[in-house]
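Below you'll find the structure, written out as structure tokens, and then a few comments.
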Amino acid sequence: MGKRLDELTCEVYSQFAKRDDFDPALIALWSDMADWKKIHLKHWKKISKSFVYKNLFRKTDDDLRTIIKQMKNIQSELVEFLRRLRKKTISQNEAVSQTILNEFCMISDIFLEIFYTYGETLEDKSGGFVQECGAHLMRMADALKPYMRLNPLYAVLLKSLVEFRYKYDFLQTTYGKKRKAAG
């Protein structure tokens, strides 16, 4: 499901980057984000072959069912958004808001755990994969800031990025190098 969400968001960003009626700074951002999603898609292929869910955040079966339903809803909404986008009936402000919504779902616990666990299987087990995702999301937030003004989604994104950092530190401290260094 994560791979499919990245496929859809890659297509969305590619479509945004083609719009000549959007600001050049945003077009550059979306072009970069589409390229980033293409790299993520390569990782998803490896993840689908090697990932073992460890339930590091101790989700219940009901939690997991809810997450799956949420991801399916996000996928449906993305498909519908792409239909509208292909008809060019969206504004730059809608595109900015959609960008935040697209990335917001990737900040969730389940994806953080997947990326963290997958990152541990790479040669660089320092958590670099998750850190790179976090850095990319921060660059996105910085680039979108001038376009957000009073949009409440921006505040939600910033709060989510703080939670992302906190949860990543939890994983590092509880399961990763920080735990091993302390022990």
Side-chain angles (χ1 to χ4, degrees), residues 1-41 43-44 47 57 59 63-116 129-168:
M1 195 170 293
K3 180 182 177 211
R4 181 66 181 139
L5 290 173
D6 267 346
E7 288 169 343
L8 292 168
T9 55
C10 182
E11 186 175 345
V12 166
Y13 299 146
S14 295
Q15 292 291 324
F16 289 170
K18 293 177 185 175
R19 296 282 297 265
D20 57 4
D21 57 328
F22 289 170
D23 288 351
L26 288 173
I27 290 171
L29 170 70
W30 288 317
S31 179
D32 179 51
M33 291 186 75
D35 290 342
W36 181 53
K37 292 298 177 180
K38 287 175 189 171
I39 293 168
H40 256 224
L41 290 173
H43 285 294
W44 278 115
I47 289 170
F57 288 112
K59 300 285 184 193
D63 292 337
L64 294 172
R65 279 191 283 280
T66 299
I67 290 168
I68 290 169
K69 285 179 188 175
Q70 289 170 340
M71 295 297 118
K72 286 180 180 179
N73 287 339
I74 290 168
Q75 182 175 326
S76 296
E77 289 172 14
L78 267 169
V79 168
E80 181 57 35
F81 183 80
L82 270 167
R83 283 189 193 119
R84 284 184 51 224
L85 179 60
R86 289 183 189 120
K87 295 177 184 178
K88 295 190 178 191
T89 59
I90 64 143
S91 69
Q92 179 175 286
N93 287 338
E94 287 176 293
V96 167
S97 293
Q98 186 63 42
T99 300
I100 290 174
L101 292 171
N102 290 350
E103 297 310 316
F104 179 73
C105 73
M106 291 301 189
I107 299 173
S108 71
D109 289 356
I110 196 79
F111 286 114
L112 180 57
E113 182 179 337
I114 289 169
F115 297 155
Y116 179 82
F129 184 68
V130 174
Q131 288 176 333
E132 185 254 321
C133 289
H136 196 84
L137 292 169
M138 285 303 298
R139 283 192 305 273
M140 178 201 72
D142 288 342
L144 293 179
K145 185 177 183 176
Y147 301 93
M148 294 306 295
R149 291 189 178 71
L150 300 176
N151 189 326
L153 281 177
Y154 191 70
V156 171
L157 176 66
L158 294 179
K159 183 177 185 251
S160 297
L161 289 172
V162 169
E163 289 176 11
F164 176 92
R165 183 79 225 157
Y166 172 77
K167 290 172 185 171
Y168 174 67

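Hydrogens, waters and symmetry mates are skipped; everything else that's a heavy atom, side chains included, is used.
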Arg19 and Ile90: CA distance, side-chain angles, deciding distance, side chain to side chain contact (heavy atoms under 4.5 Å, CB included) verdict: CA-CA 11 Å; Arg19 296 282 297 265; Ile90 64 143; 3.6 Å; yes
Residues Ala17 and Ser31: closest non-hydrogen pair is CB-N, 3.9 Å
Ile100 CD1 to Met140 CE distance, which is reported to the nearest 0.5 Å: 6.0 Å
Would you compute the distance between atom CD1 of Ile67 and atom CZ of Arg65 and round it to the nearest 0.5 angstrom? 11.5 Å
Table please: side-chain donor-acceptor pairs of residues 76-85 below 3.5 Å, with sequence neighbours left out.
{"residue": "Ser76", "atom": "OG", "partner": "Lys72", "partner atom": "O", "Å": "3.1"}
{"residue": "Glu80", "atom": "OE1", "partner": "Arg83", "partner atom": "NH1", "Å": "3.0"}
{"residue": "Arg84", "atom": "NH2", "partner": "Glu94", "partner atom": "OE2", "Å": "2.6"}

First locate atom CD1 of Ile39, then atom SG of Cys10, and finally report the distance between them rounded to the nearest 0.5 Å. 10.0 Å
Would you compute the distance between atom CG of Asp63 and atom CD1 of Ile68 and round it to the nearest 0.5 angstrom? 11.0 Å
Checking the side chain of Asp23 only, and the main-chain atoms of Ala25 only, is there a donor and an acceptor separated by less than 3.5 Å? no
Do Ile74 and Met71 come within less than 4.5 Å of each other through their side chains, counting heavy atoms only? yes
Do Trp44 and Ile114 have side-chain heavy atoms sitting under 4.5 Å apart? yes
Side chain to side chain contact (heavy atoms under 4.5 Å, CB included) evaluation trace for Val12 with Gln15: CA-CA 5 Å; Val12 166; Gln15 292 291 324; 5.8 Å; no
Hey, does His43 have a side-chain heavy atom less than 4.5 Å from the side chain of Phe115? no
Side-chain contact, heavy-atom cut-off 4.5 Å: Glu11 with Lys37? no
Does Tyr154 have any ring-ring contact (aromatic ring centres under 6.0 Å, His included) partners at least two apart in sequence or in another chain, and if so, which? none
Does the side chain of Tyr13 reach to within under 4.5 Å of the side chain of Asn102, using non-hydrogen atoms? yes
I want to check something: taking the side chain as every heavy atom from C-beta on, are Gln92 and Asp21 in contact at a cut-off of under 4.5 Å? no
Worked check of side chain to side chain contact (heavy atoms under 4.5 Å, CB included) between Lys167 and Glu113: CA-CA 9 Å; Lys167 290 172 185 171; Glu113 182 179 337; over 6 Å; no
Checking ring pair (Phe, Tyr, Trp, His ring centres under 6.0 Å) against Trp30, which of Trp36, Phe16, Tyr147 comes through? Phe16
dist Thr9:OG1 -> Glu103:CD (nearest 0.5 Å) comes out at 6.0 Å
Check whether any side-chain heavy atom of Leu158 sits under 4.5 Å from a side-chain heavy atom of Met148, and report yes or no. no
Check: Ala95 main-chain N/O paired with Thr99 side-chain donor or acceptor under 3.5 Å: yes
